[in-house]
There are 2 protein chains.
Amino acid sequence: MSWRKDHRRPERGYHHGNLKEALLQAALGLIAEKGPAGFTFADAARSAGVSPAAPYRHFRDRDELLASIAQRGFEQFEAVLTKAWDDGRPDTVSAFERVGRAYLAFARNEPAYYSAMFESGVPVDVNPMLSAASERAFAIIRAAAERLAALTPPGVARPPALMMALHIWSMSHGIASLFGRGDAARRKLPMSAEDLLEAGVLIYLRGLGFPADRKPSDEAARPEPPSEPVPPRGPWGHKSAT
Amino acid sequence: MSWRKDHRRPERGYHHGNLKEALLQAALGLIAEKGPAGFTFADAARSAGVSPAAPYRHFRDRDELLASIAQRGFEQFEAVLTKAWDDGRPDTVSAFERVGRAYLAFARNEPAYYSAMFESGVPVDVNPMLSAASERAFAIIRAAAERLAALTPPGVARPPALMMALHIWSMSHGIASLFGRGDAARRKLPMSAEDLLEAGVLIYLRGLGFPADRKPSDEAARPEPPSEPVPPRGPWGHKSAT
DNA sequence: AGCTCATGTGAATAGTGTTTACATGAGGCG
DNA sequence: CGCCTCATGTAAACACTATTCACATGAGCT
C-alpha cells in the first residue's frame, strides 16, 4: 500500500517533503467524513503516513490546523463568490442570485471547508489573518448588496446595503446549515435548498420594492418605474398552499 | 412519591440519588463554557462528583448524553415558542414577530441547549424521540406561518406556509448562528440581532404582499384591501443608504 | 429482618494528546 | 569532497480519556 507517497517523486524516506500540505488535505478529508469534531490530530498524522508527533512541527495544536483550513476555505469562498458575482454581469439581480447559488454550492461541494469556517468553533476574531480572510469573503456579498441597493426603484426608500447583505447572508447560512448538506443528519425538504434560497431572496427583494419578475430591467437603460408593484404570482411556483 | 431521599443537604453517600439529572446539568454547564465539543464524558462525571464509570449506568455514551440534552432543549424550545406565539394573540403579525424574538432569545439565553440542538453534530433523524421533539418545535413555527399565510391580502397569491416557515426559520437560525451569541468568536454587528431579524422578517412579509406598517389590521374584522401596496418608508429605520 | 437489584466504585485495557530527547538527511561551507 | 547544522521526523514517556469488568453499597420490597 501507499503508506508513503509512492508517486512520481522517489519514495519518501525519513522526510516527508510536504507534510504541512499533506496534513491539511488529510484533515480536510477526515472532516468531510466525520465532521470537524470527528477527527483527531493523530488521525491526521496517520492519514498522512507520519508519526503522531510530526504534525506538531507544523501546527501548534489541532486548533491551529483547523484555523488554517478555515482560512484556506475563506479564500476559496471569496474566489467562488467573486467569480459568481462577476462584477454584476450581465445584470445586477441575476448576478446576485448567482452569488446565492454559489454560496449553497460551496457549502454543498466543500462541506469540509464550510464546516471548518462556520461550525468548527474556531474563533475567527482572534486570528487576524483568518478574520481578514473572512472579511474579504463577506465584502463580496456586501459589494453586491451595495450595487443592488443602488438599483431600488424610484419612489422607494433605499435600504442600507449592509443590512441587506446581512439578511441575505443569514438566510443563505441558515439554509446551508439546516438543510444544505445531505448528511443524513439534516432535515428533509420538500424542495431543493437552492430553490428555497432563490425563492426567499426573491421575496425579500420584492419586499424592498424590487420588481419581482425576472425581466432584466437593465440598469444601464432603466425603462420606466414599475406601475404594478405587487405582481399577481409569486416566485414560489404554481403550487397552492395546503 | 417518596423514593427520593430527604431533600435536605446534598450529603451524598454511596448513591448519588439523582445522577442522571446531575449529569445533564453538569454537561449543560460544560457546554456553556467550552462548546459542545469541549467537554468529555469524564468531565461530566467529575463535575457531578462521581467516578468516571458512573455515567455509563445512565447513558450508553457521550452521544446519548448529548442527544438527551438536545431533546430537552427542543422541548424547552417548543415551550418558549408556544408561549411566544400565544395562539396568535393579540394579532397574527405581532405574535409572529414575538416568536422570532423568542427564537433569538432562546439562542442567546440557552446557548448550551442551542448548541446541542443545532451545532453538536447529533444526528436528529436517527433518534425517533429526538426527531419528534424537533418536529414539535418546528410545528409551532409552521402553524404560525399557516395562520399568517391565511392572512394574505386579497388579490395576492397565497404563499405555501411550509415555505414561509422554512424561510423564517432559516433566517432566524442564520442570524442566531452567525451573530446571536456574544461568544467573542462571533462577528460584530451594527445593530442587535433582534432588530436585524425583525427587519428581515418585515421585509420578507412585505415581499409576500403583507402591509408593512404595524397597524394590527385585525384579521377578525378585516378593514379593507390595501390601496397602496408599497408604503413610502421601510422597516429599517430612518438611516439613508451609504 | 433478609433479599435483590439498580446504582456507584476501582481497576484494567486501549487509544489519544502532548512533550522531550534523539535520529535523519538536505543544503551550505570549508 | 567531507563536515556541520538545522529543519524535519521518530520513539518513548506521561497524563488523560473511553470503556468494560468484577465487586460494593444500600434503598425499597416482601
Side-chain angles (χ1 to χ4, degrees), chain A residues 2-27 29-31 33-69 116 120-122, chain B residues 1-27 29-31 33-69 120-122:
Chain A
S2 66
W3 60 339
R4 280 296 163 76
K5 319 181 52 167
D6 48 7
H7 294 273
R8 296 277 184 256
R9 305 305 188 102
E11 88 275 359
R12 293 283 139 254
Y14 198 90
H15 287 284
H16 185 288
N18 200 7
L19 183 54
K20 186 163 188 169
E21 186 60 32
L23 285 171
L24 288 171
Q25 295 302 325
L30 291 169
I31 293 174
E33 277 180 41
K34 297 180 293 183
F39 81 102
T40 69
F41 220 30
D43 272 332
R46 180 159 354 111
S47 179
V50 294
S51 76
Y56 289 88
R57 296 289 181 196
H58 299 276
F59 303 98
R60 191 162 30 74
D61 53 16
R62 211 191 77 116
D63 283 347
E64 194 174 291
L65 171 59
L66 263 178
S68 287
I69 292 178
S120 68
V122 170
Chain B
M1 278 297 230
S2 65
W3 79 85
R4 289 269 299 144
K5 298 168 59 172
D6 294 318
H7 28 284
R8 275 197 223 169
R9 210 95 25 231
E11 170 215 351
R12 250 194 54 259
Y14 195 91
H15 286 285
H16 184 287
N18 201 5
L19 182 54
K20 186 162 187 170
E21 186 60 32
L23 284 172
L24 288 170
Q25 294 302 326
L30 291 170
I31 293 175
E33 276 181 41
K34 299 179 292 183
F39 82 101
T40 70
F41 219 31
D43 270 333
R46 187 171 26 250
S47 179
V50 295
S51 77
Y56 289 86
R57 296 290 182 197
H58 300 275
F59 303 98
R60 192 161 31 75
D61 54 16
R62 210 192 79 117
D63 284 347
E64 193 174 291
L65 171 58
L66 262 179
S68 286
I69 292 177
S120 68
V122 171

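Chain naming here is simple, since letters A, B, ... match the order of the sequence lines and numbering starts at 1 in each. All values below were derived from every heavy atom in this structure, side-chain atoms included, with hydrogens, water molecules and symmetry-related copies excluded.
- Atom P of nucleotide C:dT7 and atom NZ of B:K20 are separated by 9 Å, given to the nearest angstrom.
- Side-chain N/O atoms of A:H58 include one lying less than 4.0 angstrom from OP1 or OP2 on D:dG9.
- Here the CZ-CG distance, from A:F59 to A:L19, works out to 8.0 Å after rounding to the nearest 0.5 Å.
- Rounded to whole Å, atom P of C:dA14 lies 21 Å from atom CZ of B:F41.
- We find that CG of B:L65 is positioned 11 Å from P of D:dA18, with the value rounded to whole Å.
- In this structure, B:F59 places its CZ atom 14 Å from C1' of C:dT7, rounding to the nearest Å.
- Counting any heavy atom pair closer than 4.0 Å across all strands shown, B:S51 reaches a base atom.
- In this structure, CZ of A:R57 is placed 10 Å from P of D:dA7, rounded to the nearest angstrom.
- Between the side chain of B:R57 and the backbone N or O of B:K20 there is no donor-acceptor pair closer than 3.5 Å.
- Listed candidates were D:dT17, C:dT20, C:dC22. Nearest to the side chain of B:R46 is D:dT17.
- For the pair B:D63 CG and D:dA18 C1', the interatomic distance rounds to 12 Å; values are reported in whole Å.
- One interatomic measurement links the two molecules: CZ of B:R62 to P of C:dG15, which rounds to 20 Å at whole-angstrom precision.
- Across C:dG8, D:dT10, D:dC21, the shortest atom-to-atom separation from the side chain of A:A54 is found for D:dT10.
- Checking D:dT10, D:dA18, C:dA11 against every side-chain atom of B:A42, the shortest atom distance belongs to D:dA18.
- In the set C:dT7, C:dA11, C:dT18, the nucleotide with an atom closest to the side chain of A:Y56 is C:dT18.
- Taking atom CG of B:L19 as the reference point, atom C1' of C:dT9 lies 12 Å away to the nearest angstrom.
- The CG atom of B:L23 sits 6.5 Å away from the CG atom of B:L65 when rounded to the nearest 0.5 Å.
- Closest approach of B:A44 and B:A26 over heavy atoms only: O-CB, 3.9 Å.
- Between the side chain of B:D61 and the main chain of B:E64, a donor-acceptor pair closer than 3.5 Å is present.
- Taking side-chain N and O atoms only, B:T40 has a distance below 4.0 Å to OP1 or OP2 of D:dA18.
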